[in-house]
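Note that the numbering runs from 1 along the sequence shown for the chain.
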Amino acid sequence: MRYMPWFIALASGAFICFALAGLAVDAPFRLHMGIIAAVLGIAAIIVARLPEKSAAEIAAEQEGYFDAPIRVGSILTVFWGCVGFLVGLVVALQLAWPDLNLEPFLNFGRLRPLHTSAVVFAFGGTALITTSLYVVQRTGRARLFSESLTWFVFWGYQLFIVMAATGYLLGITQSREYAEPEWYVDIWLTIVWVAYLVLFMGTLIKRKEPHIYVANWFYLAFIVTIAMLHVVNNLAMPVSFFGSKSYSLFSGVQDALTQWWYGHNAVGFFLTAGFLGMMYYYMPKQAERPVYSYRLSIIHFWAIIFLYIWAGPHHLHYTALPDWAQTLGMVFSIMLWMPSWGGMINGLMTLRGAWDKMRTDPIMRMMVIAVAFYGMATFEGPVMSIKSVNGLSHYTDWTIGHVHSSALGWVGMITFGAIYFMVPRLWGRKQLYSLRLVNWHFWLATVGIVIYAAVMWVAGVMQGLMWREYDTDGFLVYSFAETVAALQPYYVARAFGGFLYLLGGLVMAYNVWMTIRGKVRNERPIVEVTAPALQPAV
């Protein structure tokens with residue numbers, strides 16, 4: 001009887017989606033509703049088969065922190081990471097060898113947004129929800145506000161991931177960067193996100209610790225700002241409430257500005273602010289040191305929050321956007337350099353007095369290199385926003401190298417470190433299955449990132465220079481097809497770097513799974529510490 005409300009909700013959802021499939025006015029909507037109905041139906045059957053728990057078991061579960069969804073979230077974070085990296089490798093291989101495009105469902109046009117969303121929203125979003133619920137309980141010394149609401153947020157977000165991913169493969173998309181899902185998927189995400197905000201705020205309100213730790217400030221800013229960005233950017237009118245197609249409320253240059261106000265701040269608040277919250281909790285915990293400067297962390301927070309929201313127009317240099325708006329975006333992008341590096345310095349200096357951990361603790365290495373990539377990306381981004389530099393870099397693979405160095409280096413590495421920190425504690429294990437496998441993961445991921453980013457930087461600069469090369473008569477020296485052909489070796493090297501990163505993710509999945517099972521690998525320490533030889537007395 002305890003799970004009856006969940007069964008009724010899931011069964012009702014499956015029935016509604018099945019009915020919508022019957023009323024559909026276009027084939028993609030009909031197929032999509034059928035897929036969602038099947039997913040909800042399977043979930044209802046699983047819930048119906050869950051064993052009932054005794055009053056004593058329920059009472060025991062309600063003691064301490066509510067970590068059950070966090071355990072599931074940790075596993076799914078690793079799973080979605082491997083899925084996202086695998087799809088990324090596939091699309092990289094498709095660029096190197098176009099014959100690998102399989103029509104219609106597995107071509108580059110449909111797999112590319114699937115890869116983006118799998119990494120950003122499935123891997124990154126699940127990691128943020130999971131870690132934020134872990135952190136807010138520990139720093140507030142309070143159990144989550146509502147168990148039922150927690151499960152709704154968690155599984156509701158996973159349903160959004162399934163709806164978005166299957167929609168891409170079916171060709172259901174708005175064609176808006178980082179905002180491809182159509183209107184009905186956007187509405188569902190809005191409901192889940194509001195529930196997430198209520199859950200997080202409710203937990204903060206009921207906290208026993210009077211002070212709100214700075215990591216929670218970053219998490220809360222991420223939740224609130226993403227809600228605002230999502231709603232405004234996705235304002236649209238569906239052609240039919242029984243169809244997949246909709247039209248944006250905005251048009252022309254207003255639509256472009258709204259999209260990149262959203263797009264840049266999705267990077268700023270989803271992939272930066274949220275993961276800075278992760279850094280400010282897990283890095284000091286792993287280093288066993290307090291944050292270097294709590295005052296600097298507060299300055300970092302308010303400067304990032306104020307400046308980031310204005311930087312979006314730098315994506316629209318040399319377009320129909322008014323020149324003053326382009327310049328505004330460039331200026332605020334350059335100003336972002338200072339607070340971003342303040343946060344980087346704060347993270348690195350947290351290791352003051354504990355730098356020896358870099359020799360013995362590969363988890364600490366992951367966190368440090370994540371912060372280093374954060375510093376590098378927040379330097380490169382402002383430089384690329386300068387109009388003269390942007391004239392060379394825009395629309396080239398330099399931008400791809402920049403995005404992936406920050407996504408794989410900053411977002412990926414800090415998430416890996418957080419998962420490695422949480423998993424033994426969540427399952428009551430004394431240690432990870434293998435620290436040496438963490439070390440392998442570190443080097444596979446690091447080498448993969450370096451190869452990936454370096455070849456894309458070189459390819460992008462070459463690409464930009466070829467596009468602007470003119471002969472003495474004023475004609476272009478290279479055709480567009482020639483510039484594409486010249487990039488093929490770089491695309492092969494990029495795919496190899498992505499393969500190494502995926503291999504590291506698979507090593508992590510094995511390590512986490514063995515840790516959950518309670519296994520410990522018999523291995524030598526990372527660094528052998530030997531006692532110095534005794535010197536004879538003189």
Side-chain angles (χ1 to χ4, degrees), residues 84 87-89 91-92 94-96 108-109 111-113 115-117 119-120 124 175-180 256-257 259-268 270-272 308 311-319 321 326 329-330 332-334 336-337 340 373-412 448-469 478 480 483-484 486-495 497-498 501:
V87 179
L89 175 60
V91 296
Q94 287 179 333
L95 285 172
F108 179 84
L111 286 182
R112 189 266 177 185
H115 160 62
T116 304
S117 289
V119 173
V120 175
S175 301
R176 302 173 75 85
E177 187 72 10
Y178 307 126
E180 287 92 348
L257 180 58
Q259 160 58 31
W260 282 111
W261 167 77
Y262 165 88
H264 187 77
N265 288 298
V267 173
F270 203 98
L271 299 179
T272 302
Y308 228 118
H314 76 227
H315 288 270
L316 298 171
H317 284 330
Y318 306 108
T319 67
L321 190 71
Q326 299 178 36
M330 179 185 74
F332 274 90
S333 299
I334 296 170
L336 271 170
W337 185 4
S340 298
F373 270 105
Y374 171 66
M376 182 182 70
T378 52
F379 168 75
E380 185 183 24
V383 169
M384 293 175 72
S385 75
I386 299 171
K387 286 186 177 181
S388 56
V389 178
N390 196 266
L392 175 65
S393 71
H394 206 39
Y395 306 118
T396 71
D397 286 326
W398 183 355
T399 305
I400 309 303
H402 165 65
V403 168
H404 282 80
S405 68
S406 55
L408 301 180
W410 160 237
V411 171
I449 297 166
V450 170
I451 292 174
Y452 192 118
V455 297
M456 285 295 97
W457 287 329
V458 174
V461 172
M462 180 187 75
Q463 195 176 20
L465 292 174
M466 290 178 74
W467 286 349
R468 59 166 61 180
E469 183 73 19
Y478 302 102
F480 185 77
T483 66
V484 173
L487 296 174
Q488 206 263 351
Y490 299 95
Y491 285 166
V492 174
R494 185 253 295 270
Y501 200 85

Side chains of [X] and [Y]: does their closest heavy-atom pair fall under 4.5 Å?
X: Ser406; Y: Leu271; answer: no
X: Leu111; Y: Gln94; answer: yes
X: His402; Y: Met384; answer: yes
X: Tyr452; Y: Tyr501; answer: no
X: Glu180; Y: Ser175; answer: no
X: Glu177; Y: Trp260; answer: yes
X: Gln326; Y: His314; answer: no
X: Arg176; Y: Tyr262; answer: no

May I ask you to decide if [Y]'s main-chain N or O and [X]'s side chain share a donor-acceptor pair within less than 3.5 Å?
X: Tyr318; Y: Lys387; value: yes
X: Thr378; Y: Trp337; value: no
X: Tyr374; Y: Val411; value: no

query: Are a donor atom and an acceptor atom from the side chains of His264 and His315 found within less than 3.5 Å of each other?
result: yes
- prompt: Can a donor-acceptor pair be found between the side chains of Tyr491 and Asp397 at a distance below 3.5 Å?
  reply: yes
Looking at [atom1] of [X] and [atom2] of [Y], how far apart are the two atoms once the value is rounded to the nearest 0.5 Å?
X: Ser405; Y: Trp457; atom1: OG; atom2: CH2; result: 5.0 Å
X: Ser388; Y: Met330; atom1: OG; atom2: CE; result: 8.5 Å
X: Leu336; Y: Phe332; atom1: CG; atom2: CZ; result: 9.0 Å
X: Phe373; Y: Leu408; atom1: CZ; atom2: CG; result: 8.5 Å
X: Leu95; Y: Arg494; atom1: CG; atom2: CZ; result: 5.5 Å
X: Gln463; Y: Ile400; atom1: CD; atom2: CD1; result: 9.0 Å

message: Aromatic contact between Trp467 and Tyr478, with the criterion being ring centroids under 6.0 Å apart: yes or no?
response: no
task: Assess whether side-chain contact (heavy atoms from CB on, under 4.5 Å) is satisfied between Ile386 and Asn390, documenting all intermediate values.
output: CA-CA 6 Å; Ile386 299 171; Asn390 196 266; over 6 Å; no
If you look at every heavy atom in [X] and [Y], which pair is closest and at what distance?
X: His317; Y: His394; value: O-CD2, 4.5 Å
X: Gln488; Y: Ala96; value: NE2-O, 3.1 Å
X: Pro382; Y: Phe379; value: CD-O, 3.3 Å
X: Ala493; Y: Val455; value: CB-CG1, 3.7 Å
X: Phe270; Y: Val120; value: CE2-O, 3.2 Å
X: Leu257; Y: Pro313; value: CD1-CG, 4.1 Å

- prompt: How far apart are the C-alpha atoms of His115 and Leu89, what are their side-chain angles, what is the distance that settles it, and do they pass the side-chain contact (heavy atoms from CB on, under 4.5 Å) test?
  reply: CA-CA 9 Å; His115 160 62; Leu89 175 60; over 6 Å; no
task: Please report the C-alpha distance between Trp398 and Val389 in whole Å, then the side-chain angles of each, then the deciding distance to 0.1 Å, and finally whether the side-chain contact (heavy atoms from CB on, under 4.5 Å) criterion is met.
output: CA-CA 11 Å; Trp398 183 355; Val389 178; 3.8 Å; yes
query: Passes side-chain contact (heavy atoms from CB on, under 4.5 Å), Tyr395 versus Thr399? Steps please.
result: CA-CA 7 Å; Tyr395 306 118; Thr399 305; over 6 Å; no
